[in-house]
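Here the structure comes first, spelled out in structure tokens, and everything after it is commentary.
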There are 2 protein chains.
Amino acid sequence: MFEALQAMAEPTRFTILQLVRKSEMSAGEIAGNFKGLTRPAVSQHIGVLKKAGLLVERRAGTSRIYRIRPQGFAGLKILLEDFWDPRLEKLKAAAEKEEKRRKS
Amino acid sequence: MFEALQAMAEPTRFTILQLVRKSEMSAGEIAGNFKGLTRPAVSQHIGVLKKAGLLVERRAGTSRIYRIRPQGFAGLKILLEDFWDPRLEKLKAAAEKEEKRRKS
DNA sequence: GACTTACGTAAGTGTCAACTTAAATATAAG
DNA sequence: CTTATATTTAAGTTGACACTTACGTAAGTC
């Protein structure tokens, strides 16, 4: 979970995520978007993202196609919510309590 | 915004954020929670978090007291939601359909 | 089998950031 | 002004990691 946070907090890797977010892409297509960076370098970054659970791989012929793995971001979202405005949290909690009470 | 992401993606700094989240703390109190780490080291981390907009400082006598700055996390939340978009779900579904078709 | 395409992996290197110790700064109190 | 306390800033060291080039691997084509 923290591994995912570390993985995406690197400029090249973050760019990869933004690219793949729009539509799944092959490793070669991803690497094509980076000039001044070799293909192995990009491949290594993809490996980190995959290990962190932010990307999934699928093979098609000699190509490997990657897409976002939304579940990998779910945990991060929860992690961040802990730092959200306490006043909002209280409001939210109160609203949910109210909701429960109303249902019973 | 990305600076904030990088700032919190470091174990010591993330721990600092978790500590201060509960209640504001002085630099000394924060440093007291880390054994095997000098005060200057912690101070430098605090500096990074402050610069990234995740902490705010307030002075009281010789002490400097820090607390979370929720606005600093707001942008990050939005950033993450870009990867948790309903459109992604559609993409995933389409990809799975494609996968099935390819296999048959 | 030989070749090509599309990748990943291995091994080595250079840079940067997380640390250290030492010195500086700010506020308070005698 | 001197001393004490709380903390940052300066300067220098070192290990991790983002790169490179070279090699390995897997699938497709002739």
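Model, not experiment: these values are computed from the prediction. Note on naming: letters A, B, ... go to the chains in the order of the sequence lines (proteins, then strands), and numbering restarts at 1 for each one.
- For B:Glu57 and D:dT7, a side-chain-to-base donor-acceptor distance below 3.5 Å is absent, hydrogens and geometry of angles not being considered.
- Sequence order on DNA chain D of the closest nucleotides to A:Thr62 and A:His45 puts A:His45 first from the 5' end.
- Without hydrogens or angle criteria, B:Gln6 side chain to B:Glu3 main chain gives no donor-acceptor distance under 3.5 Å.
- Distance A:Met25 CE to C:dA6 P: 14 Å, rounded to the nearest Å.
- Rounded to whole Å, the distance from CZ on B:Phe34 to C1' on C:dC19 is 14 Å.
- A:Tyr66 comes within 4.0 angstrom of the backbone, heavy atoms only, and of no base.
- Rounded to whole Å, the distance from NZ on A:Lys50 to C1' on C:dG8 is 9 Å.
- Heavy atoms of A:Thr38 sit under 4.0 angstrom from at least one base atom.
- In this model, the phosphate group of D:dT20 is not approached by any side-chain N or O of A:Arg39 to a distance below 4.0 Å at OP1 or OP2.
- Residue contacts for B:Leu37: at a heavy-atom cut-off of 4.0 Å it reaches the sugar-phosphate backbone alone, with no base atom in range.
- Between D:dT7 and B:Ser26, a contact under 4.0 Å exists linking OP1 or OP2 to a side-chain N or O.
- Considering only the side chain of B:Pro40, C:dT21 comes nearest among D:dA22, C:dT21, C:dA18.
- Note: CZ (B:Arg58) to P (D:dT7) measures 12 Å, nearest angstrom.
- Formation of a donor-acceptor pair under 3.5 Å by the A:Arg21 side chain with backbone atoms of B:Phe83 is not found in this model.
- Residue B:Ala27 places its side chain closer to D:dT7 than to any other of D:dT7, C:dT27, C:dG8.
- At whole-Å resolution of the value, CG in B:Leu49 and P in C:dA18 are 10 Å apart.
- Across all strands shown, A:Ala41 has heavy atoms under 4.0 Å from base atoms, whether or not it also approaches the sugar-phosphate.
- Enclosure of atom NZ in A:Lys51 is not indicated, since only 12 or fewer non-hydrogen atoms of other residues, nucleotides or ligands lie within 6.0 angstrom.
- Legend: side-chain hydrogen bond (donor to acceptor under 3.5 Å, both in side chains) pairs involving residues 34-45 of chain A, not counting sequence neighbours, sorted by first then second residue: A:Arg13-A:His45.
- Distance A:Ile16 CD1 to D:dA18 C1': 12 Å, rounded to the nearest Å.
- A straight line from CD1 of A:Ile46 to C1' of C:dT9 spans 14 Å, rounded to a whole angstrom.
- Judged by distance alone with a 3.5 Å cut-off, no donor-acceptor contact links the side chain of A:Arg64 to the base of C:dG8.
- Phosphate proximity of D:dA27 to A:Ser63: absent, as no side-chain N or O sits under 4.0 Å from OP1 or OP2.
- Annotation for B:Gln71: atom CD does not count as buried by contact number, only 12 or fewer foreign heavy atoms lying within 6.0 Å.
- An OP1 or OP2 oxygen of D:dA18 is reached within less than 4.0 angstrom by a side-chain nitrogen or oxygen of A:Arg13.
- Residue A:Glu10 contributes atom CD, which lies 11 Å from atom P of D:dC17 at whole-angstrom precision.
- Residue side chain B:Gln44 does not reach the base of D:dT7 through any donor-acceptor N/O pair under 3.5 Å, judged by distance alone.
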Exercise for the section: May I have the step-by-step check of salt bridge (charged side-chain N to carboxylate O under 4.0 Å, His left out) for A:Arg58 and A:Glu24, ending in yes or no? Expected result: CA-CA 10 Å; A:Arg58 155 184 137 234; A:Glu24 59 177 15; 2.8 Å; yes

